[in-house]
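Worksheet: the structure to be examined is printed underneath.
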Number of protein chains: 2
Amino acid sequence: MGKVYLVGAGPGAADLLTVRAARLLGRADVVFHDALVDGEVLALAPQAHLVAVGKRCGQLSTVQQFINRQLVDAARRHACVVRLKGGDPMLFGRAQEEIAALARAGIEVEVVPGISAAFGASSALGLSLTRRGLSRSVVFLTPAVGNGERPHAWADAARGADTVVLYMASRQAEAIAQGLMAAGMAPGRPAVLVENASLPAQRVLPTTLERLPQAARELGSGPALIMVGEIYAELLEQAAGRLDAETRRTAAA
Amino acid sequence: MGKVYLVGAGPGAADLLTVRAARLLGRADVVFHDALVDGEVLALAPQAHLVAVGKRCGQLSTVQQFINRQLVDAARRHACVVRLKGGDPMLFGRAQEEIAALARAGIEVEVVPGISAAFGASSALGLSLTRRGLSRSVVFLTPAVGNGERPHAWADAARGADTVVLYMASRQAEAIAQGLMAAGMAPGRPAVLVENASLPAQRVLPTTLERLPQAARELGSGPALIMVGEIYAELLEQAAGRLDAETRRTAAA
């Protein structure tokens, strides 16, 4: 009977995996990975049989139960099975369902943490999620728009926190802006969209809550994160400064 | 002129640093590290000059301005300066003050993310911070007890979130339990204290909100985290089950 490792693949860049994760990939027999995990990360497991499972961002997902069954089957045939999840397995990774299925089948599981997207993005921006006098709390949430509850119920969690980080949210930017404003946030509250954090294709789009939907339309197909809070005001100022300089250059020409 | 890297040391275990962080430590000239960073992590920088700065958990801290000045001075004398912070630099790490000081001095800074304690602890517990139907939002906060605001103002951020993670909090367990109950949480809400997450000395103390102060008194001097939410109910059930089995064994003997 083999063992299954639920491993965090981090935000994107291969050298942002943990040392433990990289070593495990180096000796894995099979790797079941999220479809969005970068090729350079998968290259850390050159000898493993690679199986892509699940897609994010609204695309059709391989049914969770089918993934669970595949993991159980693999652990019965191989010594070292890795389930590689973007970011950290324990934040919006549906890890509990896989852990429970493996436990029911009597298979040993170990979880290896990873750098969640918010931390990859914050490092890349050089902006701390917490800051003295400005941000003492950060909430991580995923919107559940139109799931039968009262409208914007998901936004309650964002009400008291200084900084709000939204995962799997960029396709619902309109509903998110509405929900957060309904929860009492100012339309002009600074926000930033970060796509492909830590990868060469990384894009940073500073905006405000009310202009979030427009900014989200500029995103590509990579994994993206929405972060909202006063700590992002300086990104807006920098962007405005660049725009001013450009206008002056154009006027001078 | 050298470069300064603000590097996350992760929750404790040396192989939970990122590959990028481990490589940087291997070529660092100087490493300024938090006093609580584990010896095995520091061993990744055998050639570097090691300087301990700051202490946590209520002990006297090296004044932040002094740390800032040391970093600037070191970057003027060495090519590769690492500032190693427990967990992730961008969450309760005071990174912004160091980044700003270095920027003012014209010194290049790069941030390398790390596994924050909550992720190390969640992996060790095998309990996901988010779970379908039970936890869709997680707030990370540090209590600011008695800082002149109205009482329990810090607890507002915890009001709407399904799961609450408190950093640098175990010495204020009494005030935290009071604050969270004042914010509307049930006294019997499950909670867990995790000390030395990911290290051999790791301890897990399941409890409830009202019994948090008693549980906190059992902690040692290692870095500890408080996590509160329904997702920890099963830890309490397991603990109760163990207690039952023990009582039966004692009765049979």
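Below, read A as the first sequence line, B as the second, and so on, with proteins coming before strands; counting in each chain starts at 1. No hydrogens, no waters, no symmetry mates; every other heavy atom, side chains included, goes into these values.
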Heavy-atom pair of closest approach, residues [X] and [Y]:
X: P143(A); Y: I176(A); result: CG-CD1, 3.7 Å
X: P89(A); Y: S128(B); result: O-OG, 4.4 Å
X: L199(A); Y: G12(A); result: CD2-C, 3.5 Å
X: A121(B); Y: M227(B); result: CB-CE, 3.9 Å
X: Q202(A); Y: A124(A); result: OE1-CB, 3.3 Å

With a 4.5 Å cut-off on heavy-atom pairs, point out which of [options] contacts chain B the most.
options: T142(A), D162(A), V165(A); value: T142(A)
options: D156(A), D88(A), L16(A), L127(A); value: L16(A)
options: S123(A), A157(A), G160(A), A13(A); value: S123(A)
options: L17(A), V111(A), T18(A); value: T18(A)
options: V138(A), I231(A), V112(A), L91(A); value: V138(A)
options: D15(A), L141(A), V109(A), T163(A); value: D15(A)

Partner chain A: residue of L6(B), V19(B), V164(B) with the largest heavy-atom pair count (under 4.5 Å):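 Result: the option with the highest number of such pairs is V19(B).
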
Can you tell me which of S135(B), S137(B), A95(B), P113(B) forms the most heavy-atom pairs within a distance under 4.5 Å of chain A?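 That would be P113(B).
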
Does the side chain to side chain contact (heavy atoms under 4.5 Å, CB included) test come out yes or no for F119(A) and I115(B), once each step is laid out? CA-CA 9 Å; F119(A) 298 91; I115(B) 303 291; over 6 Å; no

[X] portion near chain A, given a 4.5 angstrom heavy-atom threshold:
X: I99(B); answer: side chain
X: E97(B); answer: side chain
X: A118(B); answer: neither
X: R131(B); answer: side chain

Go through the side-chain N and O atoms of S116(B) and Y167(B) and say whether any donor and acceptor fall under 3.5 Å apart.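 Distance-only check passes for S116(B) and Y167(B).
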
Go through the atoms of L125(A) and report whether side chain, backbone, both or neither lie under 4.5 Å from a heavy atom of chain B.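 When you check distances to chain B, no heavy atom of L125(A) falls under 4.5 Å.
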
Check the surroundings of atom CD in Q238(B): do more than 12 heavy atoms from other residues, nucleotides or ligands lie under 6.0 Å from it?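 Atom CD in Q238(B) is crowded, with more than 12 foreign heavy atoms closer than 6.0 Å.
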
Given side chain to side chain contact (heavy atoms under 4.5 Å, CB included), test W154(A) with L180(A) step by step and report yes or no. CA-CA 9 Å; W154(A) 62 268; L180(A) 294 179; 4.1 Å; yes

